[in-house]
Amino acid sequence: MEVHNLKFPRFPDNPGVRAAVVLTERSPDMPAPHPAEFRRRAVELARRREKPVAELAKSLGISESCLRNWMSQADVEEGHREGLTGAEREELRVLRRQVRVLEMEKEILVKAAAFFAQQNVLPPR
């Protein structure tokens, strides 16, 4: 596995803050995700138990652990097992992102309020 050494640029006025780096390309070591229909069909074949899971996974070109994970997630989606469904997982991801943004906004407002309180920007009566 190739390790990328990324240099994070620093802001000139605040050397402690690093700029965010957004990587849009997929790593060459990371395979593209399999289509949902492929995953669904693989789980169906595994549940038939005509072949051992390891053999089936090898014939499909995926790892045994990958196929077992798909089977577990399918059980959750179908309600046979406890856990988060894909929709719940996505909702949780979105909500966590919203919480992070709101916490940052709150922190900015608290600092701004403290700054303006020190400056005494209100005109005299």
Side-chain angles (χ1 to χ4, degrees):
M1 183 170 159
E2 184 180 334
V3 176
H4 301 281
N5 290 327
L6 299 175
K7 301 270 186 197
F8 293 96
R10 296 185 181 273
F11 291 105
D13 56 333
N14 190 346
V17 177
R18 295 181 178 189
V21 175
V22 178
L23 301 176
T24 56
E25 293 182 16
R26 187 175 279 280
S27 168
D29 297 333
M30 186 72 154
H34 294 284
E37 180 60 27
F38 177 81
R39 291 192 304 265
R40 188 189 61 73
R41 185 74 177 120
V43 169
E44 258 180 44
L45 291 171
R47 286 184 176 162
R48 286 187 191 168
R49 298 177 191 242
E50 293 173 358
K51 288 183 178 180
V53 173
E55 187 180 325
L56 178 62
K58 187 175 182 179
S59 68
L60 292 173
I62 58 176
S63 68
E64 181 182 353
S65 62
C66 179
L67 182 53
R68 289 190 188 282
N69 287 341
W70 291 350
M71 292 171 68
S72 294
Q73 187 59 37
D75 286 343
V76 170
E77 297 285 342
E78 294 166 3
H80 302 299
R81 190 173 182 192
E82 289 290 319
L84 294 176
T85 65
E88 292 169 335
R89 215 178 281 276
E90 177 63 21
E91 182 182 10
L92 185 58
R93 188 185 64 77
V94 168
L95 292 173
R96 284 181 175 161
R97 178 176 288 157
Q98 287 176 349
V99 165
R100 279 195 309 271
V101 168
L102 290 172
E103 285 173 346
M104 287 190 311
E105 289 174 353
K106 177 185 163 219
E107 185 178 328
I108 290 169
L109 289 173
V110 165
K111 288 180 180 181
F115 173 78
F116 289 123
Q118 286 179 349
Q119 298 298 317
N120 195 12
V121 293
L122 296 176
R125 288 187 182 195

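Side-chain atoms are counted along with the backbone in the values below, which use heavy atoms only and exclude waters and symmetry mates.
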Checking R96, Q98, M104 against R100 for side-chain contact (heavy atoms from CB on, under 4.5 Å), the one that qualifies is R96
Per side-chain contact (heavy atoms from CB on, under 4.5 Å), E107 is matched among E105, K111, E103 by K111
What I'd like to find out is whether the side chain of V94 reaches to under 4.5 Å of the side chain of R97, using heavy atoms alone. no
Could you check if a side-chain atom of V101 sits within less than 4.5 angstrom of a side-chain atom of K106, using non-hydrogen atoms only? no
Which heavy atom in [X] sits nearest to a heavy atom in [Y], and how many Å separate them?
X   : Y   : answer
E88 : G83 : OE1-O, 3.8 Å
L67 : A46 : CD2-CB, 4.2 Å
Q73 : L84 : NE2-O, 3.3 Å
I62 : H34 : CG2-NE2, 3.4 Å

Value rounded to 0.5 Å, distance of [atom1] in [X] from [atom2] in [Y]:
X   : Y   : atom1 : atom2 : answer
T85 : E78 : OG1   : CD    : 12.0 Å
W70 : L60 : CH2   : CG    : 7.5 Å
E77 : D75 : CD    : CG    : 10.5 Å
E90 : L95 : CD    : CG    : 10.0 Å

Quick one: do [X] and [Y] make a salt bridge, cutoff under 4.0 Å?
X   : Y   : value
E37 : R40 : yes
R49 : E44 : no
E55 : K58 : no

Are M71 and F38 connected in a single hydrophobic cluster, I mean Ile/Leu/Val/Met/Phe/Trp/Tyr linked by side-chain heavy atoms less than 4.5 Å apart? yes
So, the side chain of E64 versus the backbone of V53: is there a donor-acceptor pair under 3.5 Å, distance only? no
